[in-house]
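One structure is given here, and the rest of the page talks about it.
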Amino acid sequence: MIGDANILHADLDAFYASVEQLLDPSLLGQPIAVGGGVVLAASYEARAFGVRGGMAGRRALQLCPELRFVSGHFSAYRRLGDAAIGVLGEFTPSVERISIDEAFADVSGTEHLFGPPGTIAACVRRRVRDELGLPISVGVARTKHLAKIASQVAKPDGLVVVDPERELEFLHPLPVELMWGVGPVTKARLADAGVITIGQLANMPGGSLERLLGQAIGDKLGALAWNRDPRRVHTRHRARSVGAQSALGRRAADATTLRPTIRFLADRVASRLRAKSFAGRTVTVRVRFADLSSITRSLTVPSGISATGILAEIAEELVLAALADHPDETSVSLLGISVSHLERHQALQLQLELGLDGDQRLPGSRKGAARWLADRAMDAVRERFGRQAIGYGSASVGAPRSVPAAFRELAERTL
DNA sequence: TCTGGGGTCCTAGGACCC
DNA sequence: TCTGGGGTCCTAGGACCC
């Protein structure tokens with residue numbers, strides 16, 4: 001006996017662009033892009049010309065000369081995204097938020113209150129449209145994977161309910177790239193093997209999928225293609241890493257030039273960690289060169305880090321090591337810092353014992369304590385007066401201008 | 001045609017331990 | 001001295017997602 005189709009996947013359509021069209025109705029029906037140098041989001045009218053998120057603004061304009069660029073209203077995205085997901089939450093507490101504009105919900109056991117899942121989905125769509133003015137597509141199915149595919153098929157502004165008796169009939173004719181985990185590389189590998197549809201993937205001879213894509217991915221896709229998706233909707237997720245990066249155009253590949261950016265990034269990451277009482281044991285830096293090739297270097301230390309200064313020093317050492325390994329590269333186009341192996345931070349204690357730069361190895365280092373206290377004092381000022389109010393000298397001027405700070409904050413996941 | 005920022009997961013080799 | 005096997009951790013790279 002198979003279960004019922006109780007999983008909803010709700011996804012706001014072209015979210016940022018739809019909000020802009022809501023705020024300024026003269027943009028309705030127009031090809032618009034949020035952003036400037038780079039397209040952060042494009043309306044469906046712009047997508048019809050091939051404009052896509054992440055595309056260079058110049059390229060987008062070539063594809064669509066009528067394209068209008070608008071600067072983003074990021075606080076409105078936050079408010080409206082929260083409100084839309086909040087509508088789902090009025091039907092069930094079992095809501096798993098995936099991003100600003102997307103969530104799963106499990107409506108098992110709510111039928112006596114609100115009717116069958118398809119009715120709930122229609123109601124969610126109507127309410128988001130009536131109360132917030134935004135289009136949202138919803139997929140309903142027995143598994144998360146199928147619900148997600150259904151919402152993609154439903155777009156724009158649609159609803160698709162997959163009958164549990166006809167799941168494979170629905171799934172197998174669809175192209176493989178609709179599956180979660182199939183991107184451009186995997187799609188191309190499958191195409192080389194003559195596999196275009198999910199049904200073809202499902203029927204590949206035993207073992208050939210694993211040989212083509214590796215054990216884990218092969219197994220996973222094989223299961224998904226037969227709609228064996230064991231994942232449940234969970235309401236809470238634990239973050240595994242925290243990071244920040246900045247594109248730099250072209251900067252000279254030397255420590256003096258890069259130090260302010262390293263400070264800026266370390267400050268962002270470490271203050272987010274401290275805000276939630278986390279620390280991390282592994283520091284990873286990413287250096288992208290002018291030709292867009294990139295490398296990473298990482299270091300794992302015995303106990304967690306959350307002080308800006310210590311993180312910045314480790315990151316700088318790693319960046320220097322990376323540059324030393326590539327002496328022919330003379331310019332850097334992006335720097336990133338990320339901290340993983342997160343652990344709960346026991347206030348001051350670990351930081352006191354930490355110490356990584358020279359004499360700080362001594363337990364109970366006064367320098368470590370002083371740094372931690374200075375960081376906390378700065379965090380407190382920012383809490384009252386905002387992030388821009390105060391910063392370490394070099395970090396505060398190191399902020400690159402590529403993307404608004406509000407966009408960074410919108411993309412952050414809560415720890 | 002040269003693209004932002006914040007994330008997750010997988011692979012593979014090497015070090016190290018038992 | 002060379003040989004086996006298994007497990008864990010770290011590092012680097014890569015694909016993918018929103």
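First the proteins, then the strands, lettered A, B, ... as listed; each starts at 1.
- Atom-to-atom, CZ of Arg408(A) to C1' of dG4(B) comes out at 9 Å; the value is rounded to the nearest Å.
- Within the structure, a side-chain polar atom (N or O) of Ser241(A) is placed less than 4.0 Å from OP1 or OP2 of dT8(B).
- What separates CG of Asp291(A) from P of dT3(B) is a distance of 14 Å, to the nearest Å.
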I'd like to compare against my own output: the B/S/- annotation of nucleotides 12-18 of chain C with a strict under-4.0 Å heavy-atom distance to protein.
SS-SSSS

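- Under the 6.0 Å cut-off for aromatic ring centres, Phe278(A) and His345(A) do not qualify, their centroids lying 6.0 Å or more apart.
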Please set out all donor-acceptor pairs under 3.5 angstrom arising from side-chain atoms of residues 143-150 of chain A, sequence neighbours excluded.
unit_1	atom_1	unit_2	atom_2	d
Thr143(A)	OG1	Leu146(A)	N	3.3
Thr143(A)	OG1	Asn227(A)	OD1	2.9
Lys144(A)	NZ	Glu96(A)	OE1	2.7
Lys144(A)	NZ	Glu96(A)	OE2	3.2
Lys144(A)	NZ	Arg232(A)	O	3.0
His145(A)	NE2	Trp180(A)	N	3.4
Lys148(A)	NZ	Glu102(A)	OE2	2.7

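- Arg281(A) comes within 4.0 angstrom of the backbone, heavy atoms only, and of no base.
- Between the CD atom of Gln215(A) and the C1' atom of dC9(B) there is a distance of 15 Å, given to the nearest Å.
- Nearest to the side-chain atoms of Val242(A) among the listed nucleotides dG7(B), dT3(B), dT11(B) stands dG7(B).
- With DNA chain B read from its 5' end, the first of the two nearest nucleotides for Arg59(A) and Leu415(A) is the one closest to Arg59(A).
- Distance from the side chain of Arg268(A) is smallest for dG6(B) among the nucleotides dG6(B), dC10(B), dG7(B).
- Considering only side-chain atoms of Ala411(A), the nucleotide from dC2(B), dT1(B), dG6(B) that sits closest is dG6(B).
- For Arg274(A) (side chain) and Ser306(A) (main-chain N/O), a donor-acceptor pair under 3.5 Å exists by modelled atom type.
- Nucleic acid contact class of Glu412(A) (heavy atoms, under 4.0 Å, all strands): sugar-phosphate only.
- Interatomic distance, Arg78(A) CZ to Phe74(A) CZ, rounded to the nearest 0.5 Å: 11.5 Å.
- Here the P atom of nucleotide dG5(B) and the CZ atom of Arg286(A) are 10 Å apart, to the nearest Å.
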Just to be sure I follow the notation: if a pair is Watson-Crick (purine N1 to pyrimidine N3 plus N6-O4 or O6-N4) or a G-U wobble (N1-O2 and O6-N3), each under 3.5 Å, what dot-bracket string does DNA chain B give, with | for pairs to another strand?
....||||||||||||||

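- Considering only side-chain N and O atoms, Thr300(A) lies nowhere under 4.0 angstrom from the phosphate OP1 or OP2 of dC9(C).
- In Arg240(A), the CZ atom is not crowded: 12 or fewer heavy atoms of neighbouring residues, nucleotides or ligands sit closer than 6.0 Å.
- Not a single donor-acceptor pair under 3.5 Å links the side chain of Arg297(A) to the backbone N or O of Val283(A).
- To the nearest angstrom, C1' of dC10(B) lies 13 Å from CZ of Arg240(A).
- Around the NZ atom of Lys187(A), the shell of radius 6.0 Å holds no more than 12 heavy atoms that belong to other residues, nucleotides or ligands.
- Residue Gly243(A) is classed as a sugar-phosphate contact, given heavy-atom separations below 4.0 Å to backbone atoms only.
- The listed nucleotides are dT11(B), dG5(B), dG6(B); the one nearest the side chain of Arg272(A) is dG6(B).
- Nucleotides dC17(C) and dG4(B) are separated by 14 Å at their C1' atoms, to the nearest Å.
- Backbone-only contact: Arg288(A) has heavy atoms under 4.0 Å from sugar-phosphate atoms and none from a base.
- His237(A) comes within contact range of no nucleotide atom at all, as no heavy-atom separation falls under 4.0 Å.
- Atom pair Gln62(A):CD and dT1(B):C1' shows a separation of 8 Å (rounding to whole Å applied).
- For Arg238(A) and dG7(B), the CZ to P distance is 16 Å, given to the nearest whole Å.
- Atoms CZ (Phe264(A)) and P (dG4(B)) sit 15 Å apart, rounded to a whole Å.
- Applying the 90° cutoff around 0 to the glycosidic angle, dC2(C) is assigned anti.
- A donor-acceptor pair is defined here as one N or O able to donate and one able to accept, closer than 3.5 Å; such a pair exists between the side chain of Arg97(A) and the backbone of Ile100(A).
- Ser137(A) and Asp11(A) share no side-chain donor-acceptor pair at under 3.5 Å.
- Residues Leu212(A) and Asp192(A) are not in side-chain contact: their nearest non-hydrogen atoms beyond the backbone lie 4.5 Å or more apart.
- DNA chain B is contacted by both Ser333(A) and Lys220(A); Ser333(A) maps to the nucleotide lying nearer its 5′ end (nearest heavy atom per residue).
- In the model, Asn6(A) has a side-chain atom that pairs as donor or acceptor with a side-chain atom of Ser108(A) under 3.5 Å.
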